[in-house]
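Scroll down for the structure; my scribbles are underneath it.
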Amino acid sequence: MAYRNKVYVAFDGDEDMSYYRMLTAWAANTHNDFELNNAHDLNKAYDSSSEESIKRQLRSRFANSKLFIILVGQHTKNLRKFVKWEIETAIRLEIPIIAVNLNGKRQADNLMPTLLLNNLSLVIPYKEVAIKHAMDLWPDADKVHRHNNEMTQFHYNDRVYEQLGI
């Protein structure tokens with residue numbers, strides 16, 4: 001089994017690429033402590049010849065991932081081919097899931113993919129400090145909730161955001 005130290009980021013590649021690129025820019029900035037050990041850095045020589053070859057490469061990324069982040073935009077919940085499969089795979093592999101609302105909402109709204117509403121995950125707004133906080137703390141919290149069989153969606157209360165300065 002591969003050593004799981006990567007963060008798998010799923011998103012709408014047609015609509016939300018700029019948000020994904022900003023995540024990677026935050027991680028590349030040497031003046032802050034935002035780290036993103038990105039699973040997308042694996043197998044960059046991408047074979048897009050068929051759906052199965054793409055999924056095979058994505059499975060390799062999942063095998064090395066300790067955390068799954070999904071960027072939730074306007075159209076994410078309607079993406080059936082790969083994003084839905086990625087969510088199902090993260091759930092099946094019991095990888096901690098952080099759903100990041102690109103609209104800034106702190107809780108699930110009508111844009112949230114249905115699969116995430118009834119499965120263990122954390123919802124946060126698209127803010128660098130909130131994402132870093134969640135990446136640091138949610139994997140351990142996920143283990144506790146999983147152990148207690150609390151398979152639902154969570155969000156931070158206002159006090160956490162006050163402490164984060166947002």
Side-chain angles (χ1 to χ4, degrees), residues 1-16 19-20 22-23 26-27 33-40 55 58-166:
M1 181 176 197
Y3 177 66
R4 291 179 176 235
N5 66 344
K6 303 286 186 192
V7 176
Y8 190 111
V9 182
F11 57 97
D12 179 345
D14 293 327
E15 299 291 329
D16 301 327
Y19 295 96
Y20 169 73
M22 183 55 71
L23 279 179
W26 291 335
D33 60 351
F34 186 91
E35 293 183 30
L36 181 70
N37 195 355
N38 195 345
H40 286 278
K55 286 182 178 178
L58 296 178
R59 278 191 289 273
S60 170
R61 291 176 182 177
F62 270 110
N64 289 280
S65 296
K66 66 176 182 177
L67 182 63
F68 178 81
I69 293 177
I70 180 159
L71 303 179
V72 179
Q74 275 303 118
H75 306 288
T76 308
K77 79 177 195 176
N78 300 321
L79 300 175
R80 302 282 183 234
K81 191 170 189 178
F82 292 110
V83 172
K84 182 179 183 226
W85 178 86
E86 289 169 310
I87 295 168
E88 290 169 340
T89 302
I91 291 168
R92 183 175 44 79
L93 295 175
E94 297 184 353
I95 297 173
I97 298 171
I98 300 172
V100 179
N101 267 332
L102 299 182
N103 62 13
K105 302 248 170 133
R106 296 177 178 183
Q107 297 181 29
D109 60 12
N110 63 341
L111 298 177
M112 190 62 53
T114 307
L115 278 170
L116 294 177
L117 296 175
N118 300 314
N119 282 287
L120 183 57
S121 61
L122 173 69
V123 178
I124 60 170
Y126 185 82
K127 301 280 187 191
E128 180 180 0
V129 67
I131 296 169
K132 181 188 179 337
H133 181 79
M135 288 172 59
D136 290 344
L137 299 179
W138 180 247
D140 288 337
D142 176 274
K143 286 179 192 166
V144 171
H145 294 301
R146 207 171 284 284
H147 176 76
N148 293 332
N149 205 27
E150 299 171 308
M151 305 304 280
T152 188
Q153 195 169 66
F154 289 85
H155 62 273
Y156 293 133
N157 62 36
D158 290 340
R159 198 176 109 233
V160 171
Y161 292 108
E162 289 169 13
Q163 292 170 343
L164 294 173
I166 54 175

field: Trp26 and Leu36: CA distance, side-chain angles, deciding distance, side-chain contact (heavy atoms from CB on, under 4.5 Å) verdict
entry: CA-CA 9 Å; Trp26 291 335; Leu36 181 70; over 6 Å; no

- prompt: Do Tyr19 and Phe11 have their ring centres less than 6.0 Å from each other?
  reply: no

- prompt: Of all heavy-atom pairs between Tyr156 and Leu122, which one has the smallest distance, and what is that distance?
  reply: OH-CD2, 3.4 Å

Would you list the atom pairs, donor with acceptor, under 3.5 Å between side chains in residues 130-139 and any protein atom, with sequence neighbours excluded?
| from | atom 1 | to | atom 2 | distance (Å) |
| --- | --- | --- | --- | --- |
| Lys132 | NZ | Asp136 | OD2 | 2.6 |
| Trp138 | NE1 | Ile97 | O | 3.2 |

- prompt: Does Asp109 have any salt bridge (charged side-chain N to carboxylate O under 4.0 Å, His left out) partners at least two apart in sequence or in another chain, and if so, which?
  reply: none

Distance-only donor-acceptor hits, side chain of residues 110-121, under 3.5 Å, sequence neighbours excluded:
| from | atom 1 | to | atom 2 | distance (Å) |
| --- | --- | --- | --- | --- |
| Asn119 | ND2 | Leu115 | O | 2.7 |
| Ser121 | OG | Leu116 | O | 3.4 |
| Ser121 | OG | Asn119 | O | 3.4 |
| Ser121 | OG | Gln153 | NE2 | 3.3 |

field: Asn64 side-chain N/O to Lys6 backbone N/O, donor-acceptor pair under 3.5 Å
entry: no

statement: Minimal heavy-atom distance between Val72 and Ala99, with the atoms involved, is CG2-CB, 4.2 Å

message: Before you tell me yes or no, could you show the steps for Lys66 and Asn37 under side-chain contact (heavy atoms from CB on, under 4.5 Å), namely the whole-Å CA-CA distance, both residues' side-chain angles and the distance that decides it to 0.1 Å?
response: CA-CA 10 Å; Lys66 66 176 182 177; Asn37 195 355; over 6 Å; no

- prompt: Got more than 12 heavy atoms from elsewhere within 6.0 Å of CD, Gln163?
  reply: yes

field: Residues that Glu150 engages under side chain to side chain contact (heavy atoms under 4.5 Å, CB included), provided they are two or more places apart
entry: His145, Asn148, Phe154

message: Please check: side-chain N/O of Asn101 versus main-chain N/O of Asn103, any donor-acceptor pairing under 3.5 Å?
response: no

- request: State, yes or no, whether a side-chain contact exists between Val129 and Tyr161 at a heavy-atom distance under 4.5 Å.
  value: no

query: To the nearest 0.5 Å, what is the distance between CG (Leu102) and CG (Asp16)?
result: 5.0 Å

Distance-only donor-acceptor pairs under 3.5 Å for side chains of residues 82-94, two or more places apart:
| from | atom 1 | to | atom 2 | distance (Å) |
| --- | --- | --- | --- | --- |
| Glu86 | OE2 | Tyr8 | OH | 2.5 |
| Thr89 | OG1 | Trp85 | O | 2.8 |

message: Less than 4.5 Å apart, side chain to side chain, heavy atoms only: is that true for Leu71 and Tyr20?
response: yes

field: Gap separating the CD1 atom of Ile98 from the CD1 atom of Ile69, nearest 0.5 angstrom
entry: 5.0 Å

query: With a 4.5 Å limit on heavy-atom distance, are the side chains of Gln107 and His155 in contact?
result: yes

- prompt: Can you name the residues that form a salt bridge (charged side-chain N to carboxylate O under 4.0 Å, His left out) with Lys77, not counting sequence neighbours?
  reply: none

